Amino acid sequence: MMKHLFKSIRQYKKASLLAPLFVTLEVIMEVLIPTIMASLIDNGINKGDMSAIERIGFILIIACILSLIFGFLSGKFAAEASTGFAANLRKDMFYNVQKFSFANIDKFSPSSIVTRLTTDITNLQNAYQMVVRVAVRCPVMLIFSLIMAFNINRRLSIIFLFALPVLGIGLFLIMNNAHPIFERVFKLYDALNLVVQENLRGMRVVKSFVREDFEEEKFKKASKNIYDNSIKAEKLLMLNMPLMQFAMYTCMLLISWIGAKLILSSSMTTGELMSMFTYASQILMSLMMLSMVFVMITMSKASAERIAEILDEKSTLTNNDNPVFEVPNGSIDFDNVYFSYADLGHNSAPVLNNINLHIKSGQTIGIIGGTGSSKSSLVQLIPRLFDVTEGSVKVGGIDVRDYDIETLRNAVSMVLQKNELFSGTIKDNLRWGDENATDEDIERVCRLAQADGFIQEFPDKYDTFIEQGGSNVSGGQKQRLCIARALLKKPKILILDDSTSAVDTKTDALIRKAFIEEIPDTTKIIIAQRISSVQEADEIVILENGHIVSVGNHEELLKSSDIYKELYKSQMKGGEE
Amino acid sequence: MPQQPTGRRFSPRTRKLSKRDATTVKRLMQYFKRYKVRFTFVLICIIIGALASVSGSMFVKVVIDQYIEPLLLTPNPSLDGLTGAITRMACIYAAGIISTFLYSRVMVSIAQGILKTIRDDMFTHMQSLPIRYFDTHTFGDVMSRYTNDADTLRQMISMAIPQVFSSTITIIAVFAAMLYSSVYLTLFVVVMLIIMLKTTKFIGAKSGHYFIKQQVALGKINGYIEEMINGQKVVKVFCHEEKTKEGFDELNENMRAVSAKANKFALVLMPVMANIGNLQYVILAIAGGALAINGIGGITLGSIASFLLLSRSFTMPISQISNQFNSIVMALAGAERIFNLMDEEPETDEGHVTLVNAQYNEKGELVPVENYTGMWAWKCPEENGSFKYIEVKGDVRFDSVDFGYEENKTILHDITLFAKPGQKVAFVGSTGAGKTTITNLINRFYDIADGKIRYDGININSIKKDDLRRSLGIVLQDTNLFTGTVLENIRYGRLDATDEEVYAAAKLTNADGFIKMLPEGYNTVISGSGSELSQGQKQLITIARAAVANPPVMILDEATSSIDTRTESIVQKGMDALMHGRTVFVIAHRLSTVQNSDVIMVLDHGRIIERGNHEELIAEKGVYYRLYTGAFEME
């Protein structure tokens with residue numbers, strides 16, 4: 001899994017290698033400095049030799065400056081490497097998401113994809129920064145300090161061989177026991193946040209049912225749970241400090257005791273004793289840091305896994321090897337089509353059963369049915385947003401799987417049920433349909449979609465800025481803009497998936513009239529709740545539970561279909577006769 | 001929640017301490033009060049620990065100066081004195097270790113305890129806030145107080161406070177020890193310290209500057225990601241992937257560039273500080289050596305060695321404090337936001353009329369009873385101390401009501417209407433006409449500016465809010481189910497409802513059928529979003545929830561607007577069952593759902609412009625007629 005992620009390092013490989021290199025150099029300098037310092041004391045100060053003091057002092061200052069430069073460079077490269085890696089990862093994920101089919105998108109849900117692209121990336125960036133810097137620094141520091149300590153005095157350094165395992169095992173036991181509790185605490189925080197979130201969203205419900213106390217109980221229970229577990233985990237973690245002090249102080253005392261004897265027997269100098277103290281703290285501190293780095297990296301593992309899931313996700317739809325780049329006409333044929341969302345992991349029963357439907361180019365088709373009747377699933381097969389499970393869907397007489405996907409989707413324009421406008425001007429939004437559309441083109445399709453009227457009333461007309469999600473236009477206006485955008489593609493097939501539900505009936509009728517007059521050659525498929533929206537279609541398809549139950553025009557269906565009759569009656573009751 | 005503002009923790013050094021923080025600190029101190037004894041104990045332990053660590057640094061001087069150096073001069077050295085000194089030091093160290101062990105454990109309980117209290121207080125207070133608060137604050141804004149703000153506060157209490165205290169003690173002790181060793185060298189250390197602090201400030205300011213830029217860049221790219229991913233299906237349908245990538249690349253590169261700079265300055269700070277420390281060490285050794293050789297200032301070799309160690313123990317706590325300073329500033333900002341929420345004015349309630357279960361006794365008098373009877377009475381205190389009981393029938397009257405969400409901005413003008421018990425009153429009109437506002441007034445989510453609302457003849461202002469709301473059932477367009485089983489969700493309407501009563505309510509409202517089809521039936525767990533269920537199914541559960549409460553008055557606000565017409569006919573049957581025999585206020589988008597109302601009010605800009613039943617309004621050929629025939633767009 002990690003290997004896969006590391007592919008995203010690319011041009012930041014250099015920085016990713018230079019950062020640890022300079023960290024190593026920095027550490028070497030830091031380790032050398034105490035030895036030079038010892039020699040300064042022994043050869044300079046103790047002997048009262050001022051020239052030696054100056055000479056060794058000079059070397060020391062050079063060492064410090066070098067260490068400073070190395071430290072600076074390691075920081076710089078670590079920053080470049082980690083932010084670059086994060087940017088590449090974000091890009092790779094985003095690009096892969098762009099390849100996702102509808103099935104892939106549904107599998108993850110937008111909000112989960114967004115979290116992975118934002119929070120998880122930030123977590124991983126921090127972890128990577130640790131890896132190239134601190135995770136290198138600590139072991140290098142540990143090893144070099146040990147080498148130096150042994151170099152000064154073997155016998156004295158044996159102390160570390162006892163202290164290190166004691167501290168190491170202690171830290172490991174603490175972390176190992178605390179970690180699962182912390183994981184639990186995180187989950188408990190999620191549970192607590194969920195209570196808050198549900199209350200915020202449902203405050204009207206809480207207040208209406210006077211459930212404030214009930215919710216408080218719920219919250220306090222979650223809160224108490226966090227309290228209990230956090231205390232458990234942190235008390236364990238807090239053992240770190242006294243343990244570290246114990247190891248440190250013991251070393252100090254032993255070094256003083258044995259060191260004094262060694263000095264007396266003239267096998268060590270006072271300067272060397274001084275550096276031993278420094279090395280002792282360097283060795284133990286790096287072990288301590290290492291254990292913390294380890295924990296932090298483990299914590300980012302979950303984020304790494306979530307990111308890898310997106311990167312590893314293969315689109316369920318791929319282009320044919322020898323794709324067709326031309327859609328001859330707008331005819332559509334469903335032959336024995338079965339479809340199920342089984343590959344999405346849930347609801348494996350087919351949602352479309354044995355669909356046979358033949359639509360001639362230029363026809364207008366209405367589709368009617370209740371929720372769960374799979375109206376949307378049916379039309380989503382036409383621009384190959386999903387692949388059929390069995391049977392075939394043909395556009396212009398050619399199986400949709402044989403087309404180049406982009407060619408197909410440019411010929412089949414679909415206005416989705418849950419449609420989105422993006423932040424930008426009206427023109428920007430409409431040009432999604434055709435980048436090179438002229439202003440005249442845009443106005444033409446807007447007149448077709450009955451949108452020109454209200455756009456002209458905006459002070460900035462076609463340059464009116466649409467807020468994110470189209471929140472500054474009404475639902476009916478949004479739907480009409482989405483239709484205009486789809487028309488701009490000059491499609492051979494136009495599919496409206498319940499796209500005029502918020503448009504008033506009169507405008508709805510005008511849109512349909514414009515379709516018949518202005519784009520007679522385009523095949524039009526209209527999914528609607530209102531009978532009036534499909535009433536004059538060439539054929540009306542009634543779907544129920546994934547089956548076609550009746551097909552026919554308005555008059556035929558009124559005679560033959562009870563469902564249609566009932567719907568018609570309920571909608572026309574007392575109405576427009 | 002995807003748009004959780006994760007970023008604020010990235011903006012250090014963007015805020016300076018202010019007077020406001022002093023008040024925040026004072027309020028925080030209130031929370032410490034409960035832990036007075038334990039906290040004092042912690043402080044004492046910290047002092048012991050700090051002193052032990054300082055005497056450790058001093059110990060080296062003692063060992064070298066008092067034992068090793070003199071012994072080197074004696075021909076037959078005895079180690080007894082040294083052994084004694086080391087034993088004494090071991091005791092001091094042991095005391096240090098024990099106090100660290102104790103205080104860190106006690107501090108955990110204090111920090112977590114304070115945090116829990118704050119969290120609970122905050123939630124309790126939040127529950128008492130009026131709907132106005134929730135209408136004027138975004139969820140993310142409120143959420144972040146429970147997540148980010150509470151977390152920074154926890155870090156401050158459990159880490160920053162002990163560390164700053166311990167560091168301060170160390171600094172004072174070390175400073176005294178340094179002065180005692182050598183005044184000259186101490187002066188030198190102080191000069192180096194000032195240079196160090198200046199450098200930190202400089203780099204800190206740089207990094208802060210870029211961190212703010214990084215925040216902006218992060219906000220932009222996250223916004224873009226959110227917008228595009230949420231509209232991903234549209235992107236696919238329009239084959240707009242390449243364009244989308246282009247837009248992304250630009251923002252991503254900008255983000256990377258700014259973030260690299262910000263992180264560079266942050267990362268560079270540590271080695272720079274460490275090496276200034278090293279430089280100080282070197283220069284100190286040279287200067288000390290020069291002084292010792294020339295016999296200035298009474299400096300001995302041992303004192304240089306220990307002074308060097310001391311100087312390290314001096315700069316370390318100072319850089320620790322400066323590190324903690326940021327987290328303290330941020331935590332105080334977080335605490336202030338938390339306290340802001342706690343300072344919000346709660347809902348006031350001056351009502352004295354309460355709601356009680358009731359039934360008629362043999363004499364035909366209305367008497368209060370303990371158990372649920374499905375019948376209620378208003379219990380009105382009389383001046384003589386006795387109570388009058390009025391049966392809750394659901395007679396609601398508005399008398400010349402004016403209302404505005406903001407003062408001087410009236411939304412509803414002169415609304416007069418009456419709903420007799422059992423009547424169905426519908427409101428239609430475009431968005432912003434004031435339909436929902438009217439229902440907000442009945443249950444007193446908002447209080448009216450002028451006029452009167454009477455409920456069974458009682459002014460609703462004199463009814464206790466909780467009881468008023470208990471008597472009103474509500475079904476909203478947003479389904480708002482809670483994590484838990486279907487059974488629990490329906491029972492939310494009346495907590496003491498038996499399982500049988502829940503099943504009965506579900507059957508009544510046509511929800512029983514689909515619930516039984518769920519994998520676990522009534523015990524199916526609904527997660528937060530309720531994504532396992534279709535919109536219509538969720539709505540059926542909320543209708544059952546209202547049914548189990550069995551209130552005399554119902555408010556249905558766009559309850560069926562997100563359900564398609566086929567499913568609606570099923571839901572409608574459930575609704576009709578629910579509405580039977582109750583006073584009902586209906587707000588509906590689809591006119592078909594309000595046709596059979598006793599009276600329909602057409603609202604426009606906060607005024608009732610037409611009223612009457614369906615036939616009358618059609619005959620009137622006014623706005624309703626035009627809406628009905630579809631000549632008018634309603635949104």
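The analysis underlying the following values was restricted to heavy atoms, covering all of them including side chains, and did not include hydrogens, waters or symmetry mates. It should be emphasised that the depicted structure is a prediction, and the values quoted were computed from it without experimental measurement. In what follows, every chain begins at residue 1, and chains take the letters A, B, ... in the order their sequences are listed.
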inquiry  = For the interface with chain B, which of Met414(A), Lys99(A), Met252(A), Arg133(A) has the highest count of heavy-atom pairs at distances below 4.5 Å?
reply    = Arg133(A)
ask   = Does Lys489(A) make a cation-pi contact with Phe238(B), if we ask for NZ or CZ under 6.0 Å from the ring centre and within 45° of the axis?
value = yes
request  = Heavy-atom pairs under 4.5 Å with chain B are the metric here; pick the option from Gly202(A), Gly71(A), Cys64(A) that has the most.
outcome  = Cys64(A)
inquiry  = Tell me the closest heavy-atom pair linking Lys207(A) and Ser128(B), and the distance in Å.
reply    = NZ-C, 4.1 Å
key: Per-residue contact mode, Asn440(B) against chain A (heavy atom under 4.5 angstrom)   = side chain
note = Turns out that what part of Ile86(B) lies under 4.5 Å from chain A's heavy atoms comes down to both
ask   = Got a second to check how far His137(B)'s NE2 is from Leu200(A)'s CG, nearest 0.5 Å?
value = 11.0 Å
ask   = Who among Gln127(B), Glu615(B), Arg469(B) has the most heavy-atom pairs with chain A under 4.5 Å?
value = Gln127(B)
ask   = In terms of heavy-atom pairs under 4.5 Å, which option from Glu80(A), Lys76(A), Arg90(A) contacts chain B the most?
value = Arg90(A)
inquiry  = Glu215(A) vs Phe123(B), test: side-chain contact (heavy atoms from CB on, under 4.5 Å). Steps then yes/no.
reply    = CA-CA 9 Å; Glu215(A) 293 297 327; Phe123(B) 190 81; 4.3 Å; yes
key: Value rounded to 0.5 Å, distance of CG in Leu416(A) from NZ in Lys236(B)   = 12.5 Å
remark   = Looking only at heavy atoms, the pair that brings Asn252(B) and Ala87(A) closest together is ND2-O, 2.8 Å
No-hydrogen, no-angle side-chain donor-acceptor test under 3.5 Å, Gln112(B) and Glu234(A) = yes
ask   = What part of Gln129(A) gets closer than 4.5 Å to chain B, counting heavy atoms only: side chain, backbone, both or neither?
value = side chain
query = Can any side-chain N or O of Lys116(B) pair as donor or acceptor with the backbone N or O of Lys220(A) at less than 3.5 Å?
reply = no
request  = Check whether Ala90(B) gets within reach of chain A through its side chain, its backbone, both or neither, counting any heavy atom under 4.5 Å.
outcome  = both
task = Side-chain contact test, heavy atoms from C-beta onward, threshold under 4.5 Å: evaluate it for Gln98(A) versus Phe248(B) and give yes or no.
result = no
task = Please flag which part of Leu237(A) lies under 4.5 Å from any non-hydrogen atom of chain B: side chain, backbone, both or neither.
result = neither
inquiry  = Quick check for you: to the nearest 0.5 Å, what is the distance between Phe482(B) atom CZ and Asn199(A) atom CG?
reply    = 6.0 Å
query = What closest approach, in Å, do Val272(B) and Leu68(A) show between heavy atoms, and which atom pair accounts for it?
reply = CA-CD1, 3.6 Å
note = On a heavy-atom basis, the closest approach of Gly75(A) and Leu267(B) is O-CD1, 3.4 Å
request  = Measure the shortest side-chain to side-chain distance between Val237(B) and Phe102(A) over non-hydrogen atoms and say whether it is less than 4.5 angstrom.
outcome  = yes
query = Does any heavy atom of chain A fall under 4.5 Å from the side chain of Lys261(B), the backbone, both, or neither of them?
reply = neither
ask   = With a 4.5 Å heavy-atom cut-off, do Ile113(A) and Gln232(B) have their side chains touching?
value = no
ask   = Where does Glu347(B) contact chain A at under 4.5 Å (heavy atoms): side chain, backbone, both or neither?
value = side chain
request  = Keeping the roles fixed (side chain from Glu227(B), backbone from Ser423(A)), state whether a donor-acceptor pair exists under 3.5 Å.
outcome  = yes
key: Contacting moiety of Ile105(A), where chain B heavy atoms sit under 4.5 Å   = side chain
query = Are the side chain of Lys235(A) and the backbone N or O of Ser109(B) linked by a donor-acceptor pair below 3.5 Å?
reply = no
Between Asp466(B), Leu82(B), Val142(B), Val234(B), the one whose heavy-atom pairs under 4.5 Å with chain A are most numerous = Val234(B)
inquiry  = As an exercise: rank Glu241(B), Lys233(B), Lys264(B) by heavy-atom pairs under 4.5 Å with chain A and give me the winner.
reply    = Lys233(B)
ask   = Looking at CG of Leu117(A) and CD1 of Ile225(B), how far apart are the two atoms once the value is rounded to the nearest 0.5 Å?
value = 4.5 Å
query = Quick one: of Lys218(A), Lys224(A), Met203(A), who has the most non-hydrogen atom pairs under 4.5 Å with chain B?
reply = Met203(A)
query = Is the shortest heavy-atom distance from the side chain of Tyr93(B) to the side chain of Met248(A) under 4.5 Å?
reply = no
key: Leu129(B), part contacting chain A, at a heavy-atom distance under 4.5 Å   = backbone
ask   = In terms of heavy-atom pairs under 4.5 Å with chain A, which of Arg470(B), His240(B), Arg105(B), Arg256(B) leads?
value = His240(B)
ask   = Which one, Glu216(A), Glu30(A), Arg204(A), leads in non-hydrogen pairs under 4.5 Å with chain B?
value = Arg204(A)
message = Distance check, rounded to the nearest 0.5 Å: Asp213(A) atom CG versus Leu495(B) atom CG?
response = 10.0 Å
Euclidean distance, Tyr189(A) OH relative to Asp151(B) CG, rounded to 0.5 Å = 6.0 Å
key: Whether Arg119(B) side chain and Ser223(A) backbone form a donor-acceptor pair below 3.5 Å   = yes
Side-chain (Arg211(A)) to main-chain (Tyr492(B)) donor-acceptor, under 3.5 angstrom = yes
inquiry  = Within the structure provided, determine whether Val235(B) and Phe422(A) are in side-chain contact (heavy-atom separation under 4.5 Å).
reply    = yes
key: Mutual orientation of the aromatic rings belonging to Phe219(A) and Tyr146(B) [parallel < 30°, tilted 30-60°, perpendicular > 60°]   = perpendicular
task = Determine whether Ser256(A) and Met89(B) make a side-chain contact, defined as any pair of heavy atoms from C-beta on separated by less than 4.5 Å.
result = no
remark   = Highest number of heavy-atom pairs under 4.5 Å with chain B among Met241(A), Glu26(A), Met238(A) belongs to Met238(A)
inquiry  = So Val205(A) and Arg545(B), do their side chains get closer than 4.5 Å, heavy atoms only?
reply    = yes
inquiry  = Need one label for Phe277(A): side chain, backbone, both or neither, based on atoms under 4.5 Å from any heavy atom in chain B.
reply    = side chain
inquiry  = For a 4.5 angstrom cut-off between non-hydrogen side-chain atoms, does Trp257(A) reach Thr83(B)?
reply    = yes
message = I need the minimum non-hydrogen distance between Ala260(B) and Ala79(A), along with the two atoms involved.
response = O-CB, 3.6 Å
query = Does Lys245(B) make a cation-pi contact with Tyr95(A) (under 6.0 Å, within 45 degrees of the axis)?
reply = yes
key: Part of Ile555(B) lying under 4.5 Å from any heavy atom of chain A   = neither
key: Contacting region of Met126(B) [heavy-atom separation from chain A under 4.5 Å]   = both
ask   = With a 4.5 angstrom heavy-atom cut-off, which part of Ile36(A) approaches chain B: side chain, backbone, both or neither?
value = neither
note = Smallest heavy-atom separation, Thr83(A) atom then Ser259(B) atom, equals CG2-OG, 2.9 Å
